[in-house]
Asker: 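This structure is in structure tokens; I'll ask about it shortly.
Letters A, B, ... mirror the listed sequences (proteins, then strands); counts begin at 1.
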Protein chains: 2
Amino acid sequence: MARISDVAARAGVSTATVSRALNGKSTVDRELVARVQKAADELGYQPNGPARNLRRQEAAVVALIISDVENPFFTAIARGVEDVAHEVGYSVVLCNSDESAEKENRYIDIAIQERVAGVILSPTATTSSVGKLADRGTAFVAVDRPLPSQESDVVLVDTRLAARQATAHLVAQGYERIGCITGPVGVRTADDWLAGYRDALKSAKRRSTTKLVRRTEYKATGAYRAAVELLGQVEPPDALLIANSAMAVGVLRALQEHGIRPGRDVGLVAFDDAPWAELVDPPLSVVAQPAYEIGTVAARLLLARITDNTRPPSTTTLGARLIERGSSRR
Amino acid sequence: MARISDVAARAGVSTATVSRALNGKSTVDRELVARVQKAADELGYQPNGPARNLRRQEAAVVALIISDVENPFFTAIARGVEDVAHEVGYSVVLCNSDESAEKENRYIDIAIQERVAGVILSPTATTSSVGKLADRGTAFVAVDRPLPSQESDVVLVDTRLAARQATAHLVAQGYERIGCITGPVGVRTADDWLAGYRDALKSAKRRSTTKLVRRTEYKATGAYRAAVELLGQVEPPDALLIANSAMAVGVLRALQEHGIRPGRDVGLVAFDDAPWAELVDPPLSVVAQPAYEIGTVAARLLLARITDNTRPPSTTTLGARLIERGSSRR
DNA sequence: GTGAAAGCGCTAACAA
DNA sequence: TTGTTAGCGCTTTCAC
């Protein structure tokens, strides 16, 4: 594979000049730049990244570690991050931690080893691996969930408020026994969803009971089981608040099997808008998260922190938007 | 950040011994290995990736370049690739080419620059950038679509057969005027889908007419427009074959707006199973692709090719499975 | 079984 | 403006 010295030889200049020319340093003669460029093209020269990164002590790469590649919420964040990062010449590598603290830890190690410029991650519950990033002075930003034990920039959605509004909406629609299905204990977003639900019940002077609450992994099957349990009780809920769209799939499946019609029999509001939400019958009411925007904001914060890692940690909270559709109207 | 020489000093050995110990070379004394490991842990030593890769002339990383991160088909492939790669100590970085030849080209350049061990990609239509990989001897495998102008390992689904079976099913159900919505001209999978559709019509002694065919990008909005057009004709189709699940969303939306009921009024079969396919009313008939398996097979081929790049190119074709649901029954 | 030392390809400090 | 050269941190001969 062609090296910088090959280009230098072909262009009849030194390797330093090639480096300067190819990296757009102003201090190179116009004509030489052209000659170098030509030589590089002819040889199909691609700079050796490891050598460059070794020398520069940093790679123009940001790592994005998300907890579920199959969740559209996170892939939308990824798009936001990519768009901003590419504008300023950074590449984005996507890593899937799959809600596993071990995989997250592994990817953090890789990010450190590869000396990436920064890391954006949606931390898993038990995370302590990010401490390593802080120790080494690698810039990082948390999205979707704050870090349990670490000060950092973080971009959140006001999940608690979103759940509160969604619940209040169900109350206003006349539902009496509102249940809640949310994520695992310890996942901040899941806790907030529950807290917002309780806030709203309290405001409405309703008693909240643990009989109507289920916590499970953020997947369709967990939510399916939770829904079956809830609906099998002597006093089943007449409405459900669901913490993400994968879970909504599970709940809808359970209702379908039990011949229960959303809206009329059981009011439904889910977190996250999904492309199919309007296609089910009746259409699913949702609280839409500004996922793409989370990504762009996080990327900008990261870039700022790469430039200056001494800036004080900031928290950005974005709002979610309730979209009322048929599943929450009798 | 701690370097290998720091570890060496702390353990009272040479850097060579640290390197050998940490990389599990057999030729190091047991006791020394322990001492080195201890020193490394105490210092929180993380090897410098660029330095290592520069020296080794290769990174234990495979790049996976997919054409749409928001498409569940591709994220499922990603999981398959990850699972196999991790087993043998390779990391996977995911890159989103977004169906753009330019982005694909950019990511291929990055992969080359970073000296990754191999590349798996779903090539965009106009791709010629992969030639660079071949030129440099970087191992690569194509998934979902073959490369237009390049011999390589490739893992495909028998799209043509899948479309043929789906169409035959619609014929058997008594639909008379079957239309087809598929992807852009030049995308092999899209062409195959159309070819299979025509095969089946021919076998059934039906005339196929371009009036019932629409080609558009693999997105909901494109398919929406296509469906509106098709259904607005004087002799509209009474069944539709749809080339992926995002497109199915667009088509279902169009039918909904026109008050047309799937199954009864217009038979429907889509490519790709989606989690929500059973939730719409009536449930959507689909041809399910073995996406995860495509990923595992591709990863294994890539690993084999990393080991021996002289092996002859192979083509693996996996079958798809027709799942009949309500949308294709009158 | 272990250490000394060369060198991977690049960039940047310094010299001219 | 351009060239010379040191050195980033690691792995791997080669010598002992």
Side-chain angles (χ1 to χ4, degrees), chain A residues 1-37 39-40 43-61 89 109-110 112-117 136-138, chain B residues 1-37 39-40 43-61 89 109-110 112-117 136-138:
Chain A
M1 221 176 292
R3 292 158 321 192
I4 198 171
S5 55
D6 300 323
V7 180
R10 190 173 186 105
V13 296
S14 72
T15 59
T17 298
V18 174
S19 174
R20 284 189 283 251
L22 259 27
N23 290 299
K25 303 275 189 244
S26 50
T27 65
V28 185
D29 188 277
R30 290 261 185 132
E31 193 244 335
L32 273 194
V33 172
R35 227 160 76 202
V36 168
Q37 190 62 59
L43 291 169
Y45 171 70
Q46 296 272 21
N48 182 311
R52 163 181 287 180
N53 297 335
L54 172 59
R55 177 64 227 228
R56 290 199 180 149
Q57 298 284 57
E58 183 168 292
V61 170
D109 282 350
I110 292 173
I112 292 172
Q113 288 173 15
E114 296 303 324
R115 305 309 197 248
V116 301
R136 281 158 211 279
T138 302
Chain B
M1 222 174 294
R3 293 160 320 202
I4 197 170
S5 55
D6 300 323
V7 179
R10 189 173 187 105
V13 297
S14 72
T15 59
T17 299
V18 174
S19 173
R20 285 190 280 250
L22 260 25
N23 290 299
K25 301 276 188 244
S26 52
T27 66
V28 185
D29 187 277
R30 289 255 183 145
E31 194 243 333
L32 273 195
V33 173
R35 230 161 72 201
V36 167
Q37 190 61 59
L43 291 169
Y45 172 69
Q46 296 271 22
N48 183 311
R52 164 180 286 178
N53 297 336
L54 172 58
R55 177 62 228 227
R56 289 200 180 147
Q57 298 285 55
E58 182 167 290
V61 170
D109 282 349
I110 292 174
I112 292 172
Q113 288 173 14
E114 297 303 323
R115 306 308 199 248
V116 301
R136 281 159 212 279
T138 302

Asker: Could you state the CG-P distance from B/Leu22 to D/dT12, rounded to the nearest angstrom?
Answerer: 13 Å
Asker: Could you tell me the separation between the CD1 atom of A/Ile4 and the P atom of C/dC8, rounded to a whole number of Å?
Answerer: 14 Å
Asker: Assess whether side chain to side chain contact (heavy atoms under 4.5 Å, CB included) is satisfied between B/Gln37 and B/Leu22, documenting all intermediate values.
Answerer: CA-CA 7 Å; B/Gln37 190 61 59; B/Leu22 260 25; 3.9 Å; yes
Asker: Which of these nucleotides, C/dA5, D/dG7, C/dC8, is closest to any side-chain atom of B/Arg55?
Answerer: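 Nearest to the side chain of B/Arg55 among the choices is C/dC8.
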Asker: With respect to the phosphate group of D/dT2, does any side-chain polar atom (N or O) of A/Thr17 fall under 4.0 Å of OP1 or OP2?
Answerer: no
Asker: By the 4.0 Å heavy-atom rule, please label A/Pro50 as base, sugar-phosphate, or nothing.
Answerer: nothing
Asker: Looking at side-chain heavy atoms only, is the closest gap between B/Asn53 and B/Arg115 below 4.5 Å?
Answerer: no
Asker: If I take atom CD from residue A/Glu58 and atom OG1 from residue A/Thr138, how far apart are they, to the nearest 0.5 angstrom?
Answerer: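 So the CD of A/Glu58 and the OG1 of A/Thr138 are separated by 8.5 Å.
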Asker: Ignoring hydrogens and angles, are the base of C/dG3 and the side chain of B/Arg20 linked by a donor-acceptor pair under 3.5 Å?
Answerer: yes
Asker: Rounding to a whole Å, what distance do you find between A/Asn48:CG and C/dC8:C1'?
Answerer: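 One finds 8 Å between C1' of C/dC8 and CG of A/Asn48, rounded.
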Asker: Here's a test of your reading of the structure: between A/Ser14 and B/Lys25, which maps to the more 5' nucleotide of DNA chain D?
Answerer: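 Its nucleotide being nearer the 5' end, the pick is A/Ser14.
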Asker: Return whichever of B/Leu32 or B/Arg115 has its heavy-atom-nearest nucleotide of DNA chain C closer to the 5' end.
Answerer: B/Leu32
Asker: Let me know which of B/Val33, B/Val36, B/Val28 forms a side chain to side chain contact (heavy atoms under 4.5 Å, CB included) with B/Arg20.
Answerer: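 Considering B/Val33, B/Val36, B/Val28, a side chain to side chain contact (heavy atoms under 4.5 Å, CB included) with B/Arg20 is found only for B/Val28.
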Asker: How long is the line joining CG of A/Asp29 and P of D/dG3, in whole Å?
Answerer: 11 Å
Asker: Is any side-chain N or O of A/Ser19 closer than 4.0 Å to OP1 or OP2 of C/dC10?
Answerer: no
Asker: Expressed in angstrom and rounded to an integer, what is the separation of B/Glu58 atom CD from D/dT11 atom C1'?
Answerer: 14 Å
Asker: Within this structure, what is the CD-to-C1' distance between B/Gln46 and D/dC10, rounded to whole angstrom?
Answerer: 15 Å
Asker: Can a side chain N or O of B/Asn23 be found less than 4.0 Å away from OP1 or OP2 on D/dT11?
Answerer: yes
Asker: Is the shortest heavy-atom distance from the side chain of A/Asp109 to the side chain of B/Gln46 under 4.5 Å?
Answerer: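 Yes, their side chains come closer than 4.5 Å.
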Asker: Taking CG from A/Asn53 and C1' from C/dC8, how many angstroms apart are they, rounded to a whole number?
Answerer: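 It works out to 14 Å between those atoms.
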Asker: Just N and O in the side chain of A/Tyr45: are any of them under 4.0 Å from OP1 or OP2 of C/dG9?
Answerer: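 A/Tyr45 to C/dG9 OP1/OP2: no side-chain N or O under 4.0 Å.
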Asker: Let me know, please, whether A/Leu54 or B/Val28 comes out on the 5' side of the other along DNA chain C by nearest nucleotide.
Answerer: B/Val28
Asker: Does a side-chain N or O of A/Gln57 approach OP1 or OP2 of D/dG9 to a distance below 4.0 Å, or not?
Answerer: yes
Asker: Without decimals, in angstroms, what is the distance between A/Arg56 CZ and C/dA12 P?
Answerer: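 The distance from CZ of A/Arg56 to P of C/dA12 comes to 6 Å, rounded to the nearest Å.
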